Amino acid sequence: MSLASEAEAVEQAYAEWQRSVAGVLAKSRRVDAAELGPEPQKLLETVTYDGVTVAPLYSPRDERPEQSLPGTFPYVRGVDAHRDVNAGWLVSAVFGTASAAETNRSVLDALENGVSALWLKVGAKGLPVTDIAAALEGVLLDLAPLTLDAGAEAGDAARALLSLLDARAEAGDGVSDRAGIRIHLGAAPLTSSFSGAADVELADAVELAALAAARTETVHAITVDGTAFHNAGAGDAEELGAAIAAGLEYLRALTAESGLTIGAALSQLAFRYSATDDQFQTIAKFRAARLVWARIAQVCGASDFGGAPQHAVTSAAMMAQRDPWVNMLRTTLAAFGAGVGGADAVTVLPFDVALADGTLGVSKSFSSRIARNTQLLLLEESHLGRVLDPSAGSWYVEDLTQQIAATAWEFFQEIEAAGGYLAALEAGIVSGRIAATKAKRDSDIAHRKTTVTGVNEFPNLGETPLSAEAVEPGQTVARYAAAFEALRDRSDAFLASGGARPTALLVPLGSVAEHNVRTTFASNLLASGGIDAVNPGPLEVGAEAISAAVKASGATVAVLCGTDKRYGESAAAAVAELRAAGITKVLLAGPEKAVADATGDSRPDGFLTARIDAVSALTELLDFIETGSSK
């Protein structure tokens, strides 16, 4: 088949698919297919928080030019063309929150059981600087790359670590290839200035970079921490755009103040990004991150130095306190996306990271082991590391990569137009843009357009209530589940004070087939706010069944559940019976138009539909129940 004939066949197939889409949509919307226009598939498109459009179908029509091989500019397919495919990416884990001796035992045990990179918290975040040597006793740093996380003590921690390396070299540590020792000193003043975290000054980071550049080991002094933006609510492209703007600010400081060449300055930077449970977004995000940073290096005249290391950390924002076991699934998807997307190292946060230690009755070693084994399962059983950039050539992933990169570049340009990263921070451009994205996401979660499993959908009211002490104090992460979890906290307090949770009576009208969809919807909705839905089964209007159900439940709130047709026949009478039996608030699961003719006391007090702001509605309902119970 000729290229022309092949292209024609592709267009014919796509046109046939468009006609099929029009037929299905026309039937579901009860309109004529012609009314949907020439591109009915656009009705199925989704738009991310960054404004990136995701099509419902990708085909050869979306094919893009093939990217260069891994290890070559612009590094979309990976920085290292010679990465060991038997090992895959580096499995990183966090240490340093215990004593030096306990940390050392944990590190050595983890290294024996699959961890291949260390993230060590030092200073106010963890170990005293003076304990670094003891914590790393017996650790072969040429085999296990090390990242320091010392905040304001990054300078002291870095010098202590470099002194340790010197002492080992003098003692004859047997390392012939000093460049094989890979260290990240973790100074992050620019991104910390956004998040408010304690860190060294920019001048101190520049001094560390000059010190690191003179080492024979491979040392990166500065971490451009994109998770600071993600944890505040940023979208993927916003995280990338702000991060590369911060990276460029570092380059300017390094070349102007330390005398480093642009290539040496680029070699001092490493990037840290968040990985979420949206696996395709995450895959494309890490590929796009390499693309946009390579473009920075190219513009600076140093394309060969554009392949900066990437450290992926599973999103802290997506982690839930309620039904936290689901976090294991979230982190699995995130690790998958980051690994397939080409991250050099991946850290999976423990599934109970959003809770204080011991809340779930499991040991810290258990949650750490699950986090580690999540990656080992992907690497050693699913063999995801055996192929470099396995998503390459996917029409969807390639298109998404380019769109995220383009959107990130636009945000970066907006920051540059404001005078650069620091000027944009001061002007509120970065925080304002991220706050707007956070507000949109919060609204989608509140309206349950965006699902947080175990929180705003399929909640488990039977789980053990959380005490005030169980919630990790001092969290600065804008967690997606926070608004619904605040409602659940109120429910727990109600349970503790009164011996029962806030309760609403479901009033199923008609047969199971008629009411089942809406009783399921109402139960799920109410439970997401910590309200226990009592379902007595089908209730017949006018047969004393409703009065008996009200008395048995002890509820002051009731929710009618049935079909719109059944509402037209029975809702008014059911509302009257409920009010007579002592119910003070009657809600209807369905649209207001279903009882358009109802007036006065026969009209429900509110309506529960899939489009409501559930957080607002449930807050109001809890207020009502709590007020009623206090009388």
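Bear in mind that the values here come from a model prediction, so they are computed numbers and not experimental data.
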Parallel, tilted or perpendicular: rings of Phe194 and Phe229 (30°, 60°):
tilted
Could you tell me which non-hydrogen atom of [X] sits nearest to which non-hydrogen atom of [Y], and how far apart they are?
X: Gly341; Y: Arg290; result: O-NH2, 2.8 Å
X: Phe271; Y: Ala243; result: CE2-O, 3.9 Å
X: His447; Y: Arg611; result: CD2-O, 3.1 Å
X: Arg441; Y: Ala234; result: NH2-O, 3.5 Å
X: Val397; Y: Ser391; result: CG1-OG, 3.6 Å
X: Gly339; Y: Val346; result: N-CG2, 4.4 Å

Could you verify whether a donor N or O on one side chain and an acceptor N or O on the other, from [X] and [Y], lie under 3.5 Å apart?
X: Trp17; Y: Gln41; result: no
X: Thr276; Y: Asp278; result: no
X: Thr451; Y: Thr453; result: no
X: Tyr396; Y: Thr401; result: no
X: Lys449; Y: Ser443; result: no

Among Val348, Asn231, Leu349, find the one that has a side chain to side chain contact (heavy atoms under 4.5 Å, CB included) with Val313.
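Going through the options one by one, the only one that passes is Leu349.
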[X] (side chain) donor-acceptor with [Y] (main chain) under 3.5 angstrom:
X: Arg479; Y: Met319; result: yes
X: Tyr480; Y: Asp442; result: no
X: Ser368; Y: Lys364; result: yes
X: Asn327; Y: Pro324; result: yes
X: Gln281; Y: Asp236; result: no
X: Asn524; Y: Phe458; result: yes

Any chance [atom1] of [X] has more than 12 other-residue heavy atoms, nucleotides or ligands included, within less than 6.0 Å?
X: Asp601; atom1: CG; value: no
X: Glu620; atom1: CD; value: no
X: Phe280; atom1: CZ; value: no

Decide yes or no for Thr314 and Phe351: does some side-chain heavy atom of the first lie under 4.5 Å from some side-chain heavy atom of the second?
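The answer is no; the side chains never approach within 4.5 Å.
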Regarding [X] and [Y], does a basic nitrogen lie under 4.0 Å from an acidic carboxylate oxygen?
X: Asp564; Y: Arg518; answer: yes
X: Lys42; Y: Glu45; answer: yes
X: Asp605; Y: Arg579; answer: yes
X: Glu514; Y: Lys565; answer: no
X: Asp149; Y: Arg272; answer: no
X: Asp323; Y: Arg488; answer: no
X: Glu238; Y: Lys438; answer: no

Contacts under 3.5 angstrom, residues 584-593 side chains, donor-acceptor by atom type, not counting sequence neighbours:
from: Thr584; atom 1: OG1; to: Thr556; atom 2: O; distance (Å): 3.2
from: Glu592; atom 1: OE2; to: Arg603; atom 2: NH2; distance (Å): 2.3

Evaluate Arg433 against Asp50 for salt bridge (Lys or Arg N to Asp or Glu O under 4.0 Å), listing each step before the verdict.
CA-CA 10 Å; Arg433 173 78 169 265; Asp50 293 305; 5.6 Å; no
So if I apply the side chain to side chain donor-acceptor pair (under 3.5 Å) rule between His311 and each of Thr227, Thr223, Thr347, which one comes out positive?
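So, applying the side chain to side chain donor-acceptor pair (under 3.5 Å) to His311 and each of Thr227, Thr223, Thr347, only Thr347 qualifies.
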When you measure from the centre of the six-membered ring of Phe494, is the NZ or CZ of Arg501 under 6.0 Å away and within 45° of the axis?
no
Rounded at 0.5 Å granularity, tell me how far [atom1] in [X] sits from [atom2] in [Y].
X: Lys440; Y: Thr48; atom1: NZ; atom2: OG1; value: 10.0 Å
X: Asn456; Y: Glu485; atom1: CG; atom2: CD; value: 10.5 Å
X: Ser523; Y: Leu506; atom1: OG; atom2: CG; value: 4.5 Å
X: Thr331; Y: Leu329; atom1: OG1; atom2: CG; value: 7.5 Å

One pair to check against salt bridge (Lys or Arg N to Asp or Glu O under 4.0 Å): Glu35 and Arg29. What are the steps and the verdict?
CA-CA 11 Å; Glu35 297 179 40; Arg29 297 180 180 218; over 6 Å; no
